[in-house]
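Let me begin by presenting the structure, written as structure tokens, before commenting on it.
Note that this is a predicted model, so its numbers are computed, not measured.
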Amino acid sequence: MSEPRIIKKYPNRRLYDTVDSCYITLEGIRKLVTDAIPFKVIDNHTGEVITRSILLQIINEQEEKGSPMLSSDLLTDIIRFQGDALQNTLSSYLEKSLKLFTDQQIMLRDQLLELPPDSMPISLFDTLLKNNLQLWQHWQKNLLPSRNNETDKE
């Protein structure tokens, strides 16, 4: 694995990407995360590694937009575990659970890609929709005209 990209945070709260030699936004750092590019955020004034703080800011921004992923109950429980003897256990459990979830998603995606195109779930769904549409059209054609004829007579 290559050395992590260094992002410097300056006192004016701006973030500077030392690899691309330009300022970067929280959204830009989020893109680094989603692209699996390793990085480290360092406070330029103190030299302290503040990556976790920046990641928490990104999570907070994302949670305020659209549909939150972390429920109030989950956040409350996490706060309750902070400082508790089981804090490390919970942290390890959450990390392993997320890793397992991610691995299962990758495995499912890989299995779906190995299926022949005719058997892809989207193809099955498409076939189901076409069959349902044919049944609906058949029902309309055979049942509704008799009802329409009755209303024409009135």
Side-chain angles (χ1 to χ4, degrees), residues 1-140:
M1 190 173 198
S2 64
E3 287 294 311
R5 180 181 293 226
I6 301 298
I7 309 292
K8 292 183 179 182
K9 183 175 181 187
Y10 288 97
N12 63 2
R13 299 190 316 185
R14 292 188 77 184
L15 299 162
Y16 188 78
D17 183 340
T18 60
V19 171
D20 289 343
S21 299
C22 64
Y23 287 103
I24 186 170
T25 63
L26 289 177
E27 185 59 34
I29 291 179
R30 182 178 176 279
K31 178 109 172 77
L32 293 176
V33 171
T34 59
D35 291 347
I37 297 171
F39 67 92
K40 188 185 325 183
V41 182
I42 298 173
D43 183 304
N44 194 55
H45 182 68
T46 66
E48 179 185 0
V49 177
I50 57 170
T51 308
R52 283 185 71 256
S53 172
I54 298 299
L55 293 173
L56 286 168
Q57 286 179 20
I58 293 168
I59 289 170
N60 187 49
E61 255 188 26
Q62 293 300 305
E63 287 290 303
E64 289 177 356
K65 296 177 185 176
S67 302
M69 183 180 1
L70 306 173
S71 69
S72 294
D73 289 341
L74 176 63
L75 292 171
T76 300
D77 287 341
I78 290 171
I79 291 169
R80 282 189 185 123
F81 273 99
Q82 286 180 322
D84 188 276
L86 295 175
Q87 177 176 337
N88 289 340
T89 304
L90 176 65
S91 177
S92 176
Y93 173 78
L94 291 173
E95 282 181 33
K96 288 176 184 173
S97 295
L98 193 53
K99 174 81 172 113
L100 177 64
F101 178 80
T102 304
D103 291 347
Q104 288 175 339
Q105 292 300 307
I106 291 168
M107 186 176 69
L108 179 62
R109 185 193 64 218
D110 290 347
Q111 287 174 350
L112 289 174
L113 290 174
E114 289 175 8
L115 291 173
D118 312 10
S119 65
M120 290 294 282
I122 195 75
S123 299
L124 296 172
F125 185 68
D126 184 52
T127 303
L128 181 62
L129 278 174
K130 287 177 183 174
N131 290 342
N132 285 341
L133 182 59
Q134 287 175 348
L135 286 171
W136 176 256
Q137 289 170 337
H138 176 76
W139 181 79
Q140 271 187 318

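With hydrogens and angles ignored, the 3.5 Å screen pairs a side-chain donor or acceptor of Asn12 with a backbone N or O of Arg14. In terms of modelled atom types and a separation under 3.5 Å, the side chain of Thr102 and the main chain of Leu98 share a donor-acceptor contact. Side-chain atoms of Ser92 do not come within 3.5 Å of backbone N or O of Thr89 as any donor-acceptor pair.
The distance from atom CD1 of Ile29 to atom CG of Asp17, rounded to the nearest 0.5 Å, is 8.5 Å. Here the CD1 atom belonging to Ile79 is positioned 13.5 Å from the CG atom belonging to Asp84, to the nearest 0.5 angstrom. The CD atom of Gln62 sits 9.5 Å away from atom CG of Leu26, with the distance rounded to the nearest 0.5 Å. Put simply, CZ on Arg5 and CG on Asp20 are 4.5 Å apart, with the number rounded to the nearest 0.5 Å. Taking CD of Glu95 as the reference point, atom CG of Leu100 lies at 13.5 Å (rounded to 0.5 Å). Interatomic distance, CD1 of Ile59 versus CZ of Arg52, reported as 9.5 Å (0.5 Å rounding).
Counting only heavy atoms from C-beta outward, the side chains of Leu55 and Val33 approach each other to under 4.5 Å. With a 4.5 Å cut-off on side-chain heavy atoms, Leu86 and Leu90 do not count as touching.
Between Val41 and Ile54 the shortest heavy-atom distance is CG1-CG1, 3.6 Å. Residues Asn44 and Lys8 come closest through the heavy atom pair OD1-CD, 3.4 Å. Between Lys9 and Ile50, the closest heavy-atom pair is CD-CD1, 3.5 Å. Of all the heavy atoms in Ile24 and Ile7, the pair that sits closest is CG2-CG2, 4.0 Å. Between Lys65 and Glu27, the shortest heavy-atom distance links the atoms NZ-OE1, 4.2 Å. The minimum heavy-atom distance between Phe81 and Gln87, with the atom names listed, is O-CB, 3.3 Å.
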Trace of the side chain to side chain contact (heavy atoms under 4.5 Å, CB included) decision for Asn60 with Leu56:
CA-CA 6 Å; Asn60 187 49; Leu56 286 168; over 6 Å; no

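Enclosure of atom OH in Tyr93 is not indicated, since only 12 or fewer non-hydrogen atoms of other residues, nucleotides or ligands lie within 6.0 angstrom. For Lys99, the NZ atom counts as loosely surrounded, since its 6.0 Å shell holds 12 or fewer non-hydrogen atoms of other residues, nucleotides or ligands.
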